[in-house]
Amino acid sequence: MSTETAKFDTAEVVLAARNVAKSYGAVHALKGVNFDIHRGQVTTLFGENGAGKSTLMKILSGVIQPSSGEIILDGQPVHFQNSTHARDLGISIIHQELSLAPNLSVRDNIFMGREIKGPLGVDFAEEERQARKLMQDLEQDIDPLTPVEDLRLGQQQIVEIARALSVDSRILIMDEPTSALSATEVEVLFKVINDLTTKGVSIVYISHHLEEALLITDHAVVLRDGAMTAWAPRADIDLNWIVRNMVGENYNLGAPPDGYEFGQTALAVKNMVVPDPGGNAYNVVDNLSLEVKAGEVVCIYGLMGAGRSELMETLAGRLHAASGRIELKGEEISHLSIAQRIARGLALVPEDRQRDGLVQTMSVGQNLSLASITAFTRGLFTSRRAEKALIADSIKRVTVKTSGPDAAIGSLSGGNQQKVVIGKMMATNPQVILLDEPSRGIDIGAKAEVFRLLAEGAKRGLAVVYTTSEVSECLSIAHRIIVMHKGRITAEFGADATKEMIMAASGEQHAA
Amino acid sequence: NDPANPYWFTEGEVAKATAEELGYTANVSSHKGDTNTESTLVDTAITNKSVAIILDPANADGSIGAVQKAVDAGIPVFLVNAEINQEGLAKGQLVSNNAQGAALGAQQWVEAVGDAGKFVELFGNPADNNAATRSNGYETVITQYPDLVKAGQEVANWDRTQGYQKTQSLLQANPDVIGLIAGNDEMALGAIAALKEAGKLAQVKVGGFDGSPDAVEAIKAGELQYTVLQPVAIFSREAVVQADKFIKTGETGAASEKQLFDCLLITADNVDKYTAPFVLSE
Amino acid sequence: MSDTTKPAPATRSEGFSLLKLLLEGRAFFALIVIVAVFSYLSPNYFTTSNFLIMASQVAIFGLLAIGMLLVILNGGIDLSVGSILALSGVIGGALMQGVEIDALGVILYPPVWAVVVITLVVGALVGAVNGVLVAYLKVPAFVATLGVMYVARGVALLMTNGLTYNRLAGSPDLGNTGFKWLGSERIAGVPISVLVLAFCAIVAWLVLSRTAFGRWLYASGGNERAAELSGVPVKFVKVTVYTLSGMLSAVAGLVLSSQLTSAGPTAGTTYELTAIAAVVIGGAALTGGRGTVLGTMLGAFVIGFLSAGLVITGVSSYWQTVFTGGVIVLAVLMNSIQTGKGGRKA
Amino acid sequence: MSDTTKPAPATRSEGFSLLKLLLEGRAFFALIVIVAVFSYLSPNYFTTSNFLIMASQVAIFGLLAIGMLLVILNGGIDLSVGSILALSGVIGGALMQGVEIDALGVILYPPVWAVVVITLVVGALVGAVNGVLVAYLKVPAFVATLGVMYVARGVALLMTNGLTYNRLAGSPDLGNTGFKWLGSERIAGVPISVLVLAFCAIVAWLVLSRTAFGRWLYASGGNERAAELSGVPVKFVKVTVYTLSGMLSAVAGLVLSSQLTSAGPTAGTTYELTAIAAVVIGGAALTGGRGTVLGTMLGAFVIGFLSAGLVITGVSSYWQTVFTGGVIVLAVLMNSIQTGKGGRKA
Ligand SMILES: Nc1ncnc2c1ncn2[C@@H]1O[C@H](COP(=O)(O)OP(=O)(O)OP(=O)(O)O)[C@@H](O)[C@H]1O
Ligand SMILES: Nc1ncnc2c1ncn2[C@@H]1O[C@H](COP(=O)(O)OP(=O)(O)OP(=O)(O)O)[C@@H](O)[C@H]1O
Ligand SMILES: [Mg+2]
Ligand SMILES: [Mg+2]
């Protein structure tokens, strides 16, 4: 393990944390961390969910105050009063959770809180011009006057990035900026990052997409359980190094489960058409047909906006198809409600766990049992004992790391929250499970566990359909890989497909 | 005023009927005690080019502006039931003699209760000067009997539900009261419900004011000792008649602007003469 | 990686813990302070008979507050409870006066049980209108129930022509006596209205804590989208809570008119604010998903005991207004400070 | 890759577009329907003088509604506006009656401008109390302003002992005439109160659309955490909106007591509901972040013109209540249906 004395490196340290610790009551999120940011270089920070990455970044950008330790800016100790103060000192941050006002336009979101003043109040024209320029730099075709709520998640993340870029800061912290972006957009972002570093801007980059992060990193730092466990310059690191230091063992995402025969057709979609729920003229799912057998694992790959989420939501019953059939074990289900579909064995793990997956006012246990209340209702009343058993079983099955079923759901790390959502739907004993981006924002260890879980389910006859935006996740446990583009299936591969084949079929012009 | 009270309801209905009898079209609207609503209604009357306004003012002081506005627009205003604190504005102020009525009631009340013991009072909406007038009237009479001690007074806003709840609490605070005097019938009826519930109706004698049909029923049932009939039907009618005269002749035919109509006492003895709401046939 | 999770907060325990209840229930503290202060100020306050009387006064607000709690747990609000109370009281009153059937030229006097059932159904229907407006027509709850508040009040006024129905006692020869029972009888010394409140509270508590419906309600109040995707019939839940709130308002209307043996169309004006205040003092969040029946009951008692105490000690009615406002803010403030210290939510 | 992004919807354009305004403004439709119906029903409705009178009646609600809009944009609610209106009217009235200075034994008659300033300051201070309770003590807005509503009303009652101040006209020898000017004079035929409303509306519109404060307000109403992280002083914004709402209530109180030349402590009861209804009919969302001054003004005029029309055409006051409720729901319903079709949000 290295120390923080940067003997490999000549670049000067612009911002550093010294022995920074942070506790929330009994929770020690950070336990005395040292962290350096070098001028004009990219420092990547790795660590599993809940390791304390975001906490450290919030401290470095003035959002929260450390419990102890100090921050050194240009060799001088500083104390940030708040994020505005840090911003004035040249530090800006892209938050992990989107922090946009949905009711405001892209322009207003970029400039809120630091308006460009003109003679007549705010100079809206100038702001708009700059916002437009930023969108061009990011190669995005987004009108600065569009309300943010009309944008897709990925586009919102672009706005978040644009806002941070617009500040002209010396130090730019990016906390999982790409979790909703597809490869092409990530590539553009990396170009922007390269431009910035040549101009002397220092970057901190956090991502759970390890391979992607390796492309731009100059230094890697690994946090584990609130403490720094490793530090190395680019030359010394590879994927194995990161994984080893992050979770202590070597994980891989597994292989398609084998040794059994697929069963009957579990889910069949025939000529399904879903009009755009936003009221636009095109169809987000366009005459799509698909069959999945019991025990089969199918991965749907596609770019942002390919219509995967809409396909999933239509299958689950949230959206309604204009035409076409959905059959579950040969039985037409298009007319059924979400609850009825769940009862017949079709469950969806939604894409946005905060918005669609979790009830924040309920405990971990209540969230886990929410979808299967009937299973522990005896007559009129629910049975406490039966519920407890069901919750305990779920926690074990999906290995949620929690202090107990009564813990607040918000006290879990992102990955564990994701597992709660998966566990909740698994508890309904589905025959077909749909997972929309199940790996979003979770660390490599959790990801591997999720895939192991799905593979096990498949062995027991569960039909699994999941979407992803990372090719490597397609090439793990899927028996079949389907590529979607603009609402249609453009290609289908077996487990033996290669990265290049998949990316080419998805409509990505330049393969990463 | 608020037509959810039979008193004001009768007031409006009688005036309307009389006006229609005399060949006018009449609009009855209620300001529910809010001076702003009252002012709005007067505006509307002006817009509608009314020939006269019969107004039960919401507030002795607060209604002056509204009356002034109508007068400025050249519309004669006749006030009924309550006064305003300015003379020379309205063509007539026809009100029941609250002071006389209160004295009348209080005497009857003392007769029923006896001249020694504790009693409580329910007070009307303090923004309405009739509440104070009546309370003062009671006071003047009752203080002549030094052994009658006022143990409590609560504002119940002319309202039956509030009369009920306030009485319940007053009874808790003073379990040994022997009398309750209320500023109007609604509050008295609320009090009776509370007394019945507490089983104290025999112990506590209740007096009301207004002469509403419900109160008359209660007198018949022996629950209420008496009520003071306000001749609302009479002065409402009279106001319209005077307005009619004024429109036709320019004179109201009355001697003065302020015209007091004496109140009558209704007790178990004369309750049978109560023929129609607020009418006691002689 | 299990070492990254935080240890269980010591106080978390599902089992019924009196201590926890006391600590969480600031409404409980407020209630104790109120009782103590007024008992000190007036010898007549701390008596069984006074508590029973106060409880029967609380019954009205308490019934409204239970309905309001259900709606607020769902993330909504119901401004129409006071109007529904008045409307159902008036309908009950009208039925007790007899229904004239024109075609036959007879007046029908339905028995009391029928009056009660019809009234409850009407209350539930009006509530269901709220529910449909909110759940299916997507009118914000505040607006939908504000509109229904006006309409229901107007209908009550139109029905009675502004007057109050009296003589609700019924008469033995018409076979419809017994209406007074609800409001003025006692069983084992406890007023029936208090028993009705207790019954409704216990049922509500059971529903909320032990049934699937209760769980659905908390879930859809906490995060409607997530609840829907977990198979919760969110629209059904919504319509049901407004319907129940309407029905409970009708119960309150019956109790009130039975207490007064009269039913007027202006009853219950501004009771919605009192009911909301009770629910909020009882610890429920107006954003939905948080709140308990016990807390709401405590909140209702805080308000009821406070106002009764102010009357008993002879505080002027203006000061009563001031104190009521102060206590509402203080009670909720205590909570904010309490949770502000410990909780992680902003 | 640019093909994956969707084209900008055609209707998005910042420029002032009359068509868009008409289409979006269901309140505008409602207003036209109301004016058309009543003009048809009564010859006296569609006259300049009636419109001016109605406008001056709307002024009171309009002023309250502007303040309410600011608070609602911030994601809050202000139930205390009616009480503040009464309190500031009463304070203005008291000052006009003269302030007795005991030590000197003289009665001071402040000039009218001083009365106005003091009254506005008092209104603003009461509003600031709301703001501090909500922003710093984290009391939910509904509760904080409910409490302040009671307290302010109680104080107004205590100040006057329930009575009404009269003789606000002042007298020339005391140098304090002119109070009536606000309520009953006209400039170029337009009542001053309407001009005051127009002035306040224009200022509010400018602030909301052209200043940093306006954007902060929308931002913190849309996503408070995001706004805070972007450096928006969210607490300052919060305190300011409640303060402004209090001040606008005071303006309304002054206009009202000037119109009536009297000031009573029970004025403005339930006006908060009317103000909220105006804001919501005007298209604002109670969840915050959405709404415009223009919409709110239309909403206020819808309510005002409707109730004036009902009175002019002689509809009974009970039916007025029913209609008011119906129109509120209908106006908002129209919107839900309209956006329900286009929007993708649940
Ligand atoms: N406000 C808070 N109150 C209590 N605990 C907190 C709070 N914020 C974070 N934590 C805890 O601190 C730890 C570190 O969280 P942090 O968000 O920094 O993790 P992370 O490394 O960013 O994880 P992820 O990869 O999931 O984003 C976690 O155990 C988390 O539960
Ligand atoms: N033919 C098309 N032309 C333009 N835009 C389209 C077209 N089809 C779909 N879209 C847009 O793409 C969106 C589909 O997004 P969706 O979230 O379903 O994609 P996804 O594949 O799940 O991507 P991700 O989840 O990574 O954002 C729709 O909201 C729609 O606005
Ligand atoms: Mg993080
Ligand atoms: Mg998607």
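When reading the values below, keep in mind they use all heavy atoms of this one structure, side chains included, and skip hydrogens, waters and symmetry mates.
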Using 0.5 Å steps for rounding, measure from the [atom1] atom of [X] to the [atom2] atom of [Y].
X: D/Arg225; Y: A/Leu100; atom1: CZ; atom2: CG; result: 11.0 Å
X: A/Glu97; Y: D/Leu229; atom1: CD; atom2: CG; result: 11.0 Å
X: D/Trp216; Y: A/Glu115; atom1: CH2; atom2: CD; result: 6.0 Å

Quick check on A/Val122 against chain D: is it the side chain, the backbone, both or neither that has a heavy atom closer than 4.5 Å?
both
Using non-hydrogen atoms and a 4.5 Å limit, figure out which bit of D/Glu224 sits close to chain A: side chain, backbone, both or neither.
neither
Select one option (side chain, backbone, both, neither) describing which atoms of D/Thr287 are under 4.5 Å from chain A's heavy atoms.
neither
Work out which heavy atom in [X] is nearest to a heavy atom in [Y]; give both atom names and the distance.
X: A/Met112; Y: D/Val232; result: C-CG2, 4.3 Å
X: D/Ala226; Y: A/Ala101; result: CB-N, 4.4 Å
X: A/Asn103; Y: D/Tyr218; result: ND2-O, 3.1 Å
X: D/Asn223; Y: A/Pro102; result: CB-CD, 4.0 Å

Would the number of heavy atoms belonging to other residues, nucleotides or ligands and lying under 6.0 Å from CD of D/Glu228 be above 12?
no
Above 12 or not: heavy atoms from other molecules or residues under 6.0 Å from CE of D/Met247?
no
Comparing D/Gly214, D/Ser209, D/Ser220 against chain A, the one with the most heavy-atom pairs below 4.5 Å turns out to be D/Ser209
With distance as the sole test, does A/Arg114 use its side chain to make a donor-acceptor pair with the main-chain N or O of D/Ser230 at under 3.5 Å?
no
I'd like to know if the side chain of A/Asp108 and the backbone of D/Arg215 have a donor-acceptor N/O pair within less than 3.5 Å.
no
One option among A/Asn82, A/Thr84, A/Asn109 has the most heavy-atom pairs under 4.5 Å with chain D, and it is A/Thr84
Name the option with the most non-hydrogen atom pairs under 4.5 Å to chain D; the candidates are A/His85, A/Glu127, A/Lys117.
A/Glu127
